[in-house]
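One structure is given here, and the rest of the page talks about it.
Just so you know, ligand 1 is whichever comes first in the structure, and atom 1 is the first atom listed for that ligand. Here the structure is a predicted model, which is why all the values come from computation and not from measurement.
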Amino acid sequence: MKISIIGTGYVGLVTGTCLAESGNDVICMDINPEKIEKLSAGIIPIHEPGLEELIKRTVAYKRLTFTTDMAQAVKRSNIIFIAVGTPPGENGAADLNYVLKAAGEIGTYMNGYKIIVNKSTVPVGTGDKVKAVIAGKTKHKYDVVSNPEFLKEGAAIEDFMKPDRIVIGAESPRAIKIMRELYSSLIRKGDRILVMDMKSAEMTKYASNAMLATKISFINEMANVCSSLGADIDSVRRGMGYDKRIGFEFLFPGVGYGGSCFPKDVQALVQTAKEQGMDTKMLKAVEAVNERQKAVLSDMIIAHFKQHKGEGSNGNGNGKALAGKTIAVWGLSFKPRTDDMRQAPSIVIINSLLRAGAVVRAHDPVAMDEARKIFKNRIMFAADGYETLRGADGLAVITEWSEFRSPDFRNMKKIMNGAVIFDGRNLYRRGELEKMGFVYYGIGRN
Ligand code: NAD
């Protein structure tokens with residue numbers, strides 16, 4: 001099939017590449033000329049495992065091309081995906097400007113029957129708005145379909161190629177048939193294409209993300225209760241997870257959720273409900289717990305050094321809790337295997353360490369270029385995890401990259417100025433570390 005993708009970001013690029021890999025003829029369009037120039041030159045603007053290899057292969061077979069030309073993208077394809085951003089607007093509601101602008105341009109350049117598939121995460125009712133905008137621009141026949149995306153950054157190719165389910169919100173039998181054909185190669189193990197009305201499809205995406213965010217806030221709240229009671233969240237989590245009704249997935253305590261989806265989607269759902277006169281008490285609590293959670297690690301670090309004031313290195317006496325202290329940070333991206341820094345908890349944590357007077361030395365396997373745009377020269381970036389530890393009074397683990405899971409603790413102890421580990425992801429075993437002479441703090445771990 002001939003497919004165009006409007007918006008070549010994390011979702012658009014993965015969608016386009018995977019559809020090209022499954023044999024379709026795909027063109028990815030974006031308004032950002034720099035991005036398209038890079039892609040055309042074989043430079044991949046984002047880090048996503050396996051993506052570069054797939055792009056190279058599909059480009060070589062001429063099944064994947066890139067353009068900034070909307071007219072070309074619309075005219076040559078019969079299926080057009082909208083995968084532009086839907087960032088939060090002023091009151092938290094999703095900003096639909098990019099989606100509706102893309103829809104208007106699609107309408108302007110239509111030259112025959114097209115299926116316009118909305119992959120961006122959009123509030124219930126947006127599909128109808130897209131329909132109306134296109135209707136105002138063209139006399140050609142078309143169908144609008146909602147097809148929300150559930151991929152996870154860091155495992156996006158696997159998620160797209162082997163989806164748990166594919167949600168299609170559509171009314172037109174013609175569009176449903178074509179969408180089924182398009183996705184048939186991805187669902188060879190049983191029919192997991194769920195066809196429903198457009199509003200329900202749009203809502204499915206928000207409800208799914210709200211559920212996942214709720215699980216994270218729930219376990220974080222339990223972790224905080226555990227630490228105040230002297231219980232251990234790790235044991236509690238295991239005790240809960242074997243119950244099949246609960247399970248283990250998404251029940252890891254940590255430093256709060258971030259990224260470009262959960263925070264904005266929970267906010268947008270709160271706002272959508274508010275517009276209907278509804279007060280979504282639970283979702284508001286999920287958000288509030290998450291905001292509070294982002295402060296847990298830095299509060300722990302500050303409390304530790306207040307308690308051990310005067311110990312260790314060069315206090316410069318400016319009165320701030322972390323004055324003269326150097327904190328090493330492992331992991332900056334909002335989750336492992338991505339360079340995405342959008343709404344990353346590391347931003348909140350590091351800013352609060354800096355406000356408390358600390359010097360911060362950080363390392364992330366792939367997100368340092370993105371992080372430099374945010375922190376500029378306010379923190380130091382080190383070439384690897386061990387390098388961050390030089391002269392550090394403590395280590396804060398923020399993102400659970402695999403390479404941070406089993407480090408050489410003996411070597412670390414030699415490099416560090418103070419042997420204290422603040423484990424924001426509960427990666428390590430307290431007993432082992434204490435035996436080696438470290439002071440250990442985890443989340444909800446007594
Ligand atoms: P992104 O910011 O990485 O990419 C959006 C792209 O759209 C940008 O490259 C931008 O230049 C381009 N764009 C904006 N307006 C355009 C226009 N009029 N014409 C052509 N291109 C245009 O965003 P993303 O992370 O890929 O997210 C896209 C959508 O998918 C959002 O609604 C998001 O909520 C949703 N989503 C994201 C993820 C994820 O993990 N990132 C997962 C599922 C769903």
Side-chain angles (χ1 to χ4, degrees), residues 4-18 27-39 44-49 51 66-74 80-89 92-109 116-123 126-127 130 133 146-160 163-167 201-202 204-206 208-210 212-213 257-269 333-344 370:
S4 293
I5 312 283
I6 310 303
T8 308
Y10 283 86
V11 167
L13 186 56
V14 169
T15 301
T17 306
C18 291
I27 186 160
C28 284
M29 183 270 166
D30 204 285
I31 42 168
N32 181 341
E34 204 186 312
K35 198 175 256 189
I36 293 301
E37 255 167 49
K38 275 190 178 164
L39 282 162
I44 316 305
I46 55 170
H47 175 86
E48 184 58 49
L51 184 61
F66 303 98
T67 186
T68 52
D69 184 347
M70 180 67 109
Q72 182 202 356
V74 173
I80 302 166
F81 280 86
I82 299 178
V84 300
T86 46
D95 177 352
L96 290 180
N97 279 324
Y98 301 96
V99 170
L100 298 180
K101 186 165 181 287
E105 289 178 9
I106 292 169
T108 303
Y109 297 118
I116 294 94
V117 185
N118 187 27
K119 228 182 202 330
S120 299
T121 302
V122 290
T126 304
V130 167
V133 168
S146 165
N147 171 218
E149 182 49 58
F150 299 98
L151 64 77
K152 303 182 286 296
E153 286 175 22
I157 305 281
E158 172 87 2
D159 286 347
F160 194 94
D164 290 338
R165 79 300 205 189
I166 291 167
V167 170
E202 291 167 339
T204 300
K205 173 66 189 175
Y206 279 105
S208 302
N209 274 1
L212 295 170
Y257 60 77
S260 68
C261 292
F262 292 171
K264 89 168 165 60
D265 292 350
V266 173
Q267 268 175 33
L269 188 51
S333 55
F334 86 94
K335 63 190 271 192
R337 295 178 295 282
T338 180
D339 59 350
D340 200 340
M341 285 292 297
R342 290 179 284 186
Q343 302 287 316
E370 288 303 309

ask   = Is atom CZ of F150 surrounded by more than 12 heavy atoms (other residues, nucleotides or ligands) closer than 6.0 Å?
value = yes
request  = Scan side-chain atoms only and decide if D30 and N32 contain a donor-acceptor pair under the 3.5 Å cut-off.
outcome  = no
query = Step by step, would you call Y98 with I6 a side chain to side chain contact (heavy atoms under 4.5 Å, CB included)?
reply = CA-CA 10 Å; Y98 301 96; I6 310 303; over 6 Å; no
Using a cut-off of under 3.5 Å, which N/O atoms of ligand 1 pair up with protein N/O atoms, and what distance separates each pair?
unit_1   : atom_1 : unit_2 : atom_2 : d
ligand 1 : 2 (O)  : R342   : NH1    : 3.3
ligand 1 : 3 (O)  : Y10    : N      : 3.2
ligand 1 : 9 (O)  : D30    : OD1    : 3.4
ligand 1 : 9 (O)  : D30    : OD2    : 2.6
ligand 1 : 9 (O)  : K35    : NZ     : 2.6
ligand 1 : 11 (O) : D30    : OD1    : 2.6
ligand 1 : 21 (N) : I31    : N      : 3.4
ligand 1 : 25 (O) : R342   : NH2    : 2.9
ligand 1 : 26 (O) : Y10    : N      : 3.1
ligand 1 : 26 (O) : V11    : N      : 2.8
ligand 1 : 32 (O) : T86    : OG1    : 2.5
ligand 1 : 32 (O) : T121   : N      : 2.9
ligand 1 : 34 (O) : T121   : OG1    : 3.3
ligand 1 : 34 (O) : K264   : NZ     : 2.6
ligand 1 : 40 (O) : E153   : OE2    : 3.2
ligand 1 : 41 (N) : E153   : OE2    : 2.7

query = Just by distance, do the side chain of S120 and the backbone of V122 share a donor-acceptor pair under 3.5 Å?
reply = no
message = Checking E153 now: which residues fulfil salt bridge (charged side-chain N to carboxylate O under 4.0 Å, His left out) with it, not counting sequence neighbours?
response = R342
task = Using atom types as modelled and distance alone, determine if a side-chain donor or acceptor of T86 lies under 3.5 Å from a backbone N or O of T121.
result = yes
